[in-house]
Structure formats: C-alpha cells, structure tokens
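Comments concern the structure below.
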Amino acid sequence: MSGLVVALRALGLGDFLTALPAVRALVRAHPQQRVVVAAPRSLAPLARLADVELVPAGELQPLPAALHGADLLVNLHGRGPQSHRVALAARPRRLLAFAHPDVPGSEAMPAWREGEHEIDRWCRLLLAAGIAADPADLRLRKPAVPGPLIRGATVIHPGAASAARRWPAERFAEVARHERACGRAVVVTGGPDERTLAREVARRAGLPERAVLAGRTTLGQLAAIVSAAARVVCGDTGVAHLASAFGRPSVVLFGPTPPQTWGPPPGPHRVLWAGRAGDPHGERPDPGLLEIAVADVVRALAALGAGGVPRVF
C-alpha cells in the first residue's frame with residue numbers, strides 16, 4: 001500500500017456520521033492507499049464501528065504532521081475559507097473542496113448549494129471528481145460494548161448542542177410517562193453536561209435514578225444503547241444520526257433547522273417539523289420547535305408500531 005488520502009471532518013458526532021458515505025466512497029476508490037478521517041479523538045469508537053481509520057484533529061486546527069503531503073485531501077468540513085486554509089497548509093498534492101472566492105485556485109471546484117442535504121452535499125463533491133458515493137451507506141456495525149445496555153427500551157435524549165434545538169424537559173417527561181404507561185422500559189441519555197437535564201426529565205416522568213444514563217456512558221456505550229433500543233425520541237442532534245446508523249426506529253423533532261438539510265434517510269423514522277426555520281444557535285427553544293406538541297410525538301411513536309419489552313423500568 002502506498003499513498004495517503006485524507007478526509008477532513010473535524011466536527012461533531014452527527015457531522016461524522018453524515019459524512020460516512022463520502023468517506024467510504026474514498027476508501028473504495030483508493031484501495032491501494034491509506035484513507036483516513038481527520039476528526040476529533042472522541043469519535044474514535046464510531047470510526048471503529050464504521051471500519052474507517054481516524055487520525056485525531058481539532059476543529060479548524062492545523063493537521064498533524066503525519067497527514068501533510070497527502071496525495072489527496074478532501075475538505076468535508078465546509079465551504080471555507082478557514083477550512084480550505086487548514087487543508088492547504090498541510091500541502092496536499094491535490095485538494096478537493098467547494099469553490100470559495102477567497103481561496104485562489106478553487107474557482108473551478110464545485111459550487112456550494114444552500115439548503116442541500118448534508119449527506120448529498122459531500123456525495124456530490126466526490127461525484128464531481130468522478131467518485132461515486134452511495135448516500136444510503138450510513139450503517140455502523142452493531143457494537144459489542146459492555147456497560148448499562150438496556151435492550152428494547154425507549155431512549156429519550158432531551159439534550160442538544162444549542163438551546164434553540166432543545167424541546168422542553170417537561171414535554172420529554174410527558175412522552176416518557178406515556179411510554180411507561182404502555183409498559184415499555186425508558187432510559188434518558190445525554191452527555192456529562194446534560195445530566196441535570198436528564199434527571200429533571202426522569203423526575204418529572206417518575207422514572208427511577210437508574211433510568212438516567214446521561215453522564216454515565218462513554219460514546220461507545222451510548223452507541224450500544226441506541227443500537228439496542230426499540231425506539232429513540234430526540235431532537236435534531238447526533239443521537240438521531242446514531243439511530244439512523246443502526247436502523248433503529250426514531251421520532252426526531254426538528255427546529256429551527258429544517259429536516260431537508262439534516263433529516264434521517266428513508267426508513268423507520270418519523271420527522272416532526274413545524275415548517276419554520278430560525279437561528280440554530282439561539283439561546284431559547286425555537287418557536288417552531290415549540291409548536292410541536294406532546295400529542296404529535298405520541299402519534300408519531302404510535303406510527304412506529306409496537307416495540308419494546310413488556311416491562312416498566
């Protein structure tokens with residue numbers, strides 16, 4: 001094997017998973033070369049489940065010296081110019097990226113399209129270079145990770161990176177109560193900084209402390225929990241993409257970002273969206289997101305069909 005191909009995607013969980021079809025296309029197109037993803041070290045468990053090699057890299061930070069001089073560097077980060085400059089500083093022999101007026105030499109590259117679905121965008125970038133990518137190539141291997149793995153549970157994930165994308169805790173709690181009343185086990189997941197939120201949801205729903213898994217799991221364990229879930233209820237966040245990657249039924253609440261750009265692929269998923277876009281970085285729940293009622297989520301769960309274990313957690 002000789003040569004190096006680098007895919008720059010130093011972003012978050014959902015970003016990594018939506019770029020998988022493009023990364024896998026690079027692997028198929030360069031069977032005699034080493035293909036790596038430059039991404040945060042924290043995503044290594046998912047890279048292993050995707051059977052791709054990850055080299056740790058920080059967002060818009062200089063790439064490690066080991067990735068300099070690649071035969072091909074594909075900028076899957078964004079439209080530039082900052083990410084283009086990070087890529088060019090690594091002195092690749094060839095750069096594949098979207099055109100940006102502030103980056104000399106990129107004029108002939110594909111044009112960025114506003115409103116394009118994130119998965120389709122990166123597949124289109126590769127297609128412009130003659131590399132076919134399958135947008136449906138999103139699946140992860142099922143993990144065999146020890147830890148608090150509750151098979152057949154309803155996973156409630158109330159957190160999101162910004163307040164604008166967080167549906168109120170009391171509404172998540174009502175959904176959890178409904179699932180419990182149907183005899184399903186319910187667990188509440190989240191990161192270490194979301195444990196207070198998760199505990200509030202559990203308290204309002206009458207769930208025991210052991211049902212709160214937020215802050216108690218690694219990313220690998222969270223992936224295992226989602227992979228074993230009967231159904232997942234969450235906002236527009238990385239866990240929604242995990243549900244897609246494992247083919248688990250999900251109800252995903254969108255707002256203020258439309259599902260046309262970040263929504264799940266066809267499959268056992270229900271998308272709720274009030275049709276109103278807004279600021280995805282806002283400091284309060286988006287008004288469009290708040291238009292989604294508990295009854296809407298309950299109906300969407302019913303549309304997923306029966307599932308879960310016949311017990312209450």
Leu17 vs Leu140, test: side chain to side chain contact (heavy atoms under 4.5 Å, CB included). Steps then yes/no.
CA-CA 9 Å; Leu17 294 175; Leu140 296 176; 3.9 Å; yes

Could you please spell out the steps behind the side chain to side chain contact (heavy atoms under 4.5 Å, CB included) verdict for Val155 and Ile225?
CA-CA 8 Å; Val155 171; Ile225 291 164; 3.8 Å; yes

Where do Leu88 and Val103 land on the side chain to side chain contact (heavy atoms under 4.5 Å, CB included) test, with the steps shown first?
CA-CA 10 Å; Leu88 289 169; Val103 181; 3.9 Å; yes

Steps toward side chain to side chain contact (heavy atoms under 4.5 Å, CB included) verdict (Leu72, Leu26)
CA-CA 10 Å; Leu72 172 64; Leu26 286 172; 4.2 Å; yes

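Applying the ring pair (Phe, Tyr, Trp, His ring centres under 6.0 Å) definition to pairs two or more places apart or across chains, those involving residues 152-176 are Trp167-Phe172. Among residues at least two apart or in separate chains, ring pair (Phe, Tyr, Trp, His ring centres under 6.0 Å) pairs with a member in residues 252-295 are His241-Trp262.
Using a distance-only test at 3.5 Å, with no hydrogens or angles considered, no donor-acceptor pair links the side chain of Arg231 to the main chain of Thr154. Looking at Gln221, its side chain never comes within 3.5 Å of a backbone N or O of Leu219 through a donor-acceptor pair. When atom types are taken as modelled, the side chain of Arg248 and the backbone of Leu242 share no donor-acceptor pair closer than 3.5 angstrom. No donor-acceptor distance shorter than 3.5 angstrom exists from the side chain of Arg270 to the backbone of Pro249, with no hydrogens or angles considered. At least one donor-acceptor pair closer than 3.5 Å links the side chain of Arg9 to the backbone N or O of Leu76. Checking side-chain atoms of Arg184 against main-chain N and O of Glu179 turns up no donor-acceptor pair under 3.5 Å. In terms of modelled atom types and a separation under 3.5 Å, the side chain of Ser227 and the main chain of Phe246 share no donor-acceptor contact. In this structure, Arg166 contributes its side chain and Ala160 its backbone to a donor-acceptor pair below 3.5 Å.
No more than 12 heavy atoms of other residues, nucleotides or ligands shown are found within 6.0 angstrom of CD on Glu283. Other residues, nucleotides and ligands contribute over 12 non-hydrogen atoms within 6.0 Å of the CZ atom of Arg141. The environment of Arg85 atom CZ is dense: over 12 non-hydrogen atoms of other residues, nucleotides or ligands sit within 6.0 angstrom. The environment of Arg203 atom CZ is dense: over 12 non-hydrogen atoms of other residues, nucleotides or ligands sit within 6.0 angstrom.
Closest approach of Ala133 to Cys123, counting heavy atoms only: CB-SG, 3.7 Å. When all heavy atoms of Gly152 and Ala230 are compared, the closest pair comes out as O-CB, 3.4 Å. Looking at every heavy atom in both residues, Ile119 comes nearest to Pro135 through CG2-O, 3.5 Å. The two atoms that bring Asp102 and Pro104 nearest to each other are O-CD, 3.4 Å, heavy atoms only. Between Pro280 and Ala164, the shortest heavy-atom distance links the atoms O-CB, 3.8 Å. In terms of heavy-atom proximity, His84 sits nearest to Ala97 at CE1-CB, 3.6 Å.
Put simply, Leu127 and Met109 are part of two different groups of oily side chains (I, L, V, M, F, W, Y) that touch within less than 4.5 Å, one to the next. Residues Leu126 and Trp112 fall within the same hydrophobic cluster, defined by Ile, Leu, Val, Met, Phe, Trp and Tyr side chains chained together at heavy-atom separations under 4.5 Å. No continuous path of hydrophobic side-chain contacts links Val252 to Val175 [ILVMFWY only; heavy atoms under 4.5 Å]. Side-chain heavy atoms closer than 4.5 Å link hydrophobic residues (I, L, V, M, F, W, Y) into clusters, and following such links, possibly through other members, connects Trp122 to Phe16. Using a 4.5 Å cut-off between side-chain heavy atoms of Ile, Leu, Val, Met, Phe, Trp and Tyr, with links allowed through other members, Leu96 and Leu20 fall into the same hydrophobic cluster.
Ionic pairing of Arg121 and Glu118 is present here: one or more N-O contacts between side-chain nitrogen and carboxylate oxygen are shorter than 4.0 angstrom. Salt-bridge check for Glu209 with Arg199: passed, with a basic side-chain N closer than 4.0 Å to an acidic carboxylate O. A salt bridge links Asp137 to Arg28: one of the charged nitrogens lies within less than 4.0 Å of a carboxylate oxygen.
Between Arg79 and Ser106, the side chains place no donor N or O within less than 3.5 Å of an acceptor N or O (distance only, hydrogens not considered).
The distance from the CG atom of Leu11 to the OG atom of Ser83 is 8.5 Å, given to the nearest 0.5 Å. For the atom pair Leu222 CG and Leu13 CG, the distance stands at 7.5 Å (nearest 0.5 Å). Here Leu63 contributes atom CG and Arg91 contributes atom CZ; the two are 11.0 Å apart, rounded to the nearest 0.5 Å. Note that CZ of Arg171 is 9.5 Å distant from CG of Asp296, once rounded to the nearest 0.5 Å. Once rounded to the nearest 0.5 Å, the distance linking CG of Asp71 with CZ of Arg94 reads 10.5 Å. The structure places NE2 of His100 at 11.0 Å from CG of Asn75, a figure rounded to the nearest 0.5 Å.
In this structure the side chain of Pro264 reaches within 4.5 angstrom of the side chain of Val271, judged on heavy atoms. A heavy-atom distance below 4.5 Å is found between the side chains of Val297 and Ile292. Looking at Leu60 and His77, their side chains come closer than 4.5 Å, going by heavy atoms from C-beta outward. The closest side-chain heavy-atom distance from Val6 to Pro92 is not below 4.5 Å. The side-chain heavy atoms of Pro21 and Leu138, taken from C-beta on, include a pair separated by under 4.5 Å. Side-chain contact between Val298 and Glu174 is absent, with no heavy-atom pair separated by less than 4.5 Å.
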